[in-house]
Amino acid sequence: MNPTIQPLRGMNDVLPTDMPWWHFLEATAREVLDAYGYQEVRLPLLEQTALFKRAIGEYTDIVEKEMFTFADRDGDSLTLRPEATASLVRAAITNGLLHNQRHRLWTAGPMFRGERPQKGRYRQFHQIDVEAYGFAGPDIDAELILLSARLWQRLGISRVRLELNSLGTPESRRVYREKLIEYFSAHHELLDEDSRRRLHGNPLRILDSKNPALAECIAGAPSLADSLSTECREHFDGLQQALSDAGIAFTVNPRLVRGLDYYSRTVFEWITDALGSQNAVCSGGRYDGLIPLLGGEPTPAIGWALGEERIVLLLQELGITPPGVQPDVFVVVVGDRASRAGLAVAERLRDSNPGLKVHAGLGGGGFKAQFKRADKSGATVAVIIGDDEADRGVAQVKHLRMENAQETCAIAEVPARVAALLGAQAGR
RNA sequence: GUGGACGUAGCUCAGCUGGUAGAGCCCCGGAUUGUGAUUCCGGCCGUCGCGGGUUCGAGUCCCGUCGUCCACCCCA
């Protein structure tokens, strides 16, 4: 045997055992998004490296050390997308969606970041990403959050809580940033290594430090809220009012700052205590300044992304079982002559009802083995064909979940008999 | 990127201080003729992650490497 080839670090296969949870999440998300009038778009996985450098920020962790970047044959620098927002904005600009228009859009698919993997954190992971363009007021901020809350409710997810903050405008943030640098520089001797590194790159991140030694120093730092402009304050109040009206619980976390540079005003995060240290299951915010930064018409914009792997883990952790996919009918086939008849009967059943889930008992085995498989498959009804039946042009039909007598009928009658047995159960 | 734990049959794991691999589950067959539970009997399945080293001999010790998990970090 040849040596096996291992998969790449942090790149996972999703197998049939987990698929029901993925389908449940994706189907539910699609329904909820439809209900709010969001439209799907599909985007390339590869973009020019410059897109992400400009959008996410040169000095962010993502751009500095986590992107899968490589040169194509022409020497152009390409990057596997580490997130969807930049790509979606680029697509909106490319296709002229931002000229005095409003759009509610969503996209989903794999993202790539070269982080050290852990449960809930992978190098290829999947996001559902929702964005709205052209809406300036806090009402759309509220709608996007309500949408996510409705998704949790539809999925049956508990143990998530919402945290909010406002980062202000880029201008007020610049002022605040200077104040922070001044403050932390004055307490330079108290800072740890990480914080000193961030001091001039991204001092807001120091506020987010988990180092208990810094807690006191951080508590004394100037507050972002105090440097918000009147407009930003009103916007944030409007959002909080709308959420309260809708009965959505939240906490304002003044230390919630995002690792991507493009955010302004509203930022939020849905957090769970059920997944260890990868606790953010959905997060986003407003990025009014990003579109012009990427060469588009100035357009207000806001969005969020959820991590599909994290939601799937959470569903499983919470013991939420998605709807099953048991077959309706299992066709028991035993014998060479029977196998031809079995395939034909299975096809006839599918013809009779396109939604019917028919599992053909291929692969041999005796009656005992076939019935074991039929039982295990969860099928409701068995259609039984041995060589004996095949020779006589008949089949036997049996309900596997009720104490009914097994009946013999002509092949042509099988779909009607099966339908009757399935209907009998549905009626109970 | 830093620190730590781990990597033995398809799955979950056991293998004490080094002597050439085990259990349960799963799967297959059988317990009188073509029928699903349970029980019983039997069977299949292992480059002990990979590569080096020490040793008469390594799953067991050492080094490297790949991967998983946990914390940090980061974030979805």
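Computed from a predicted structure; not experimentally measured.
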**OP:** Calculate the interatomic distance between A/R123 atom CZ and B/G1 atom P; express it in whole Å.
**Re:** 7 Å
Original post:
Given that A/N12 and A/E309 both sit by RNA chain B, which one's nearest nucleotide is further toward the 5' end?
Top reply: A/N12
**OP:** Pick base, sugar-phosphate or nothing for A/Y122, based on heavy-atom distances below 4.0 Å to the nucleic acid.
**Re:** base
Original post:
What distance, rounded to whole Å, do you find between the two P atoms, one in B/G22 and one in B/U54?
Top reply: 29 Å
Original post:
Roughly, in whole Å, what's the span from CD1 in A/I384 to P in B/G34?
Top reply: 14 Å
Subject >> Same-atom distance (P) from B/C50 to B/C56, integer angstrom >> reply: 25 Å
Subject >> Integer-rounded Å distance: B/A76 C1' and A/Y263 OH >> reply: 10 Å
**OP:** Using a heavy-atom cut-off of under 4.0 Å over every strand shown, decide if A/E64 touches base, sugar-phosphate, or nothing.
**Re:** nothing
**OP:** Look at the side-chain N and O atoms of A/S277 and state whether any lies under 4.0 Å from the OP1 or OP2 oxygen of B/C70.
**Re:** no
Subject >> Qualifying residue for side-chain contact (heavy atoms from CB on, under 4.5 Å) with A/L155, from A/I320, A/L315, A/L314, A/V32 >> reply: A/L315
Subject >> B/C13 to B/G46 separation - C1' atoms, rounded to the nearest Å >> reply: 14 Å
**OP:** Indicate, with a heavy-atom threshold strictly under 4.0 Å, whether A/V281 touches base, sugar-phosphate, or nothing.
**Re:** sugar-phosphate
Subject >> Watson-Crick and G-U pairing of RNA chain B, under 3.5 Å, as dot-bracket with | and [ ] >> reply: (((((((..((((........)))).(((((.......))))).....(((((.......))))))))))))....
Subject >> Side-chain ion pair, A/E309 and A/K119, N-O less than 4.0 Å >> reply: no
**OP:** Identify whether a stacking contact exists between A/F371 and B/G36, where the ring centres must be under 5.5 Å apart and the planes under 30° apart.
**Re:** no
Original post:
Distance between the P atoms of B/G10 and B/G53, in whole angstroms?
Top reply: 28 Å
**OP:** Would you mind classifying the nucleic acid contact of A/A305 as base, sugar-phosphate or nothing, using non-hydrogen atoms under 4.0 angstrom?
**Re:** sugar-phosphate
Subject >> Within the 6.0 Å centroid threshold, strictly below: A/Y183 and A/H187 >> reply: yes
**OP:** Flag the pair A/Y133 / A/H103 as yes when their ring centroid distance falls below 6.0 Å, and as no otherwise.
**Re:** no
Original post:
So, does the side chain of A/Q406 form a donor-acceptor pair with the base of B/U35 at under 3.5 Å?
Top reply: yes
**OP:** Check whether any side-chain heavy atom of A/T408 sits under 4.5 Å from a side-chain heavy atom of A/R392, and report yes or no.
**Re:** yes
**OP:** Rounded to whole angstrom, note down the P distance from B/G15 over to B/A76.
**Re:** 42 Å
**OP:** Answer yes or no: does a side-chain N or O of A/Q118 lie under 4.0 Å from OP1 or OP2 of B/A71?
**Re:** yes
Subject >> Between B/C66 (C1') and A/R116 (CZ): distance, integer Å >> reply: 13 Å
**OP:** Would you indicate what A/Q278 reaches in the nucleic acid, counting non-hydrogen atoms under 4.0 angstrom: base, sugar-phosphate, or nothing?
**Re:** base
**OP:** Whole angstrom is fine here: how far is it from CD in A/E403 over to C1' in B/G36?
**Re:** 11 Å
Subject >> Whole-Å gap separating C1' (B/G1) and CD (A/E115) >> reply: 11 Å
Original post:
Can you tell me how far P in B/C63 sits from the matching atom in B/C6, rounded to whole Å?
Top reply: 13 Å
**OP:** Report which part of the nucleic acid A/I311 touches: base, sugar-phosphate, or nothing (heavy-atom distance under 4.0 Å, all strands).
**Re:** nothing
Subject >> Inter-nucleotide P distance (B/A31, B/A37), Å rounded >> reply: 15 Å
Original post:
Does A/K398 place a side-chain N or O at less than 4.0 Å from the phosphate oxygens OP1/OP2 of B/U35?
Top reply: no
**OP:** Provide the distance between the two C1' atoms, one in B/U17 and one in B/A9, to the nearest whole Å.
**Re:** 27 Å
Original post:
At under 4.0 Å between heavy atoms, what does A/S283 touch on the DNA or RNA strands: base, sugar-phosphate, or nothing?
Top reply: sugar-phosphate
**OP:** Give one of base, sugar-phosphate or nothing for A/K119, where a contact means two heavy atoms less than 4.0 Å apart.
**Re:** sugar-phosphate
Original post:
Side chains of A/R161 and A/F250: does their closest heavy-atom pair fall under 4.5 Å?
Top reply: no
Original post:
Over how many whole Å does the gap from A/R121 atom CZ to B/U2 atom P extend?
Top reply: 13 Å
**OP:** Check every strand shown and say whether A/D129 touches a base, only sugar-phosphate, or nothing at a heavy-atom separation below 4.0 Å.
**Re:** nothing
Original post:
Are any of the side-chain heavy atoms of A/W106 and A/D129 separated by less than 4.5 Å?
Top reply: no
Original post:
Touch check for A/A369, heavy atoms < 4.0 angstrom, all strands: base, sugar-phosphate only, or nothing?
Top reply: sugar-phosphate
**OP:** Would you mind classifying the nucleic acid contact of A/G120 as base, sugar-phosphate or nothing, using non-hydrogen atoms under 4.0 angstrom?
**Re:** base
Subject >> Donor-acceptor contact below 3.5 Å, side chain A/D18 vs main chain A/V14 >> reply: no
**OP:** Round to a whole Å and report the spacing from CD of A/E269 to P of B/C75.
**Re:** 9 Å
Original post:
Looking for any heavy atom pair under 4.0 Å, which part of the strands does A/E66 touch: base, sugar-phosphate only, or nothing?
Top reply: sugar-phosphate
**OP:** Tell me which of A/H126 and A/E389 sits closer to the 5' end of RNA chain B, going by the nucleotide each one is nearest to.
**Re:** A/E389
Original post:
Quick one: does NZ or CZ of A/R102 land under 6.0 Å from the six-membered ring centre of A/F135, within 45 degrees of the ring axis?
Top reply: yes
Original post:
Between A/W270 and A/S283, does any side-chain donor sit less than 3.5 Å from a side-chain acceptor?
Top reply: no
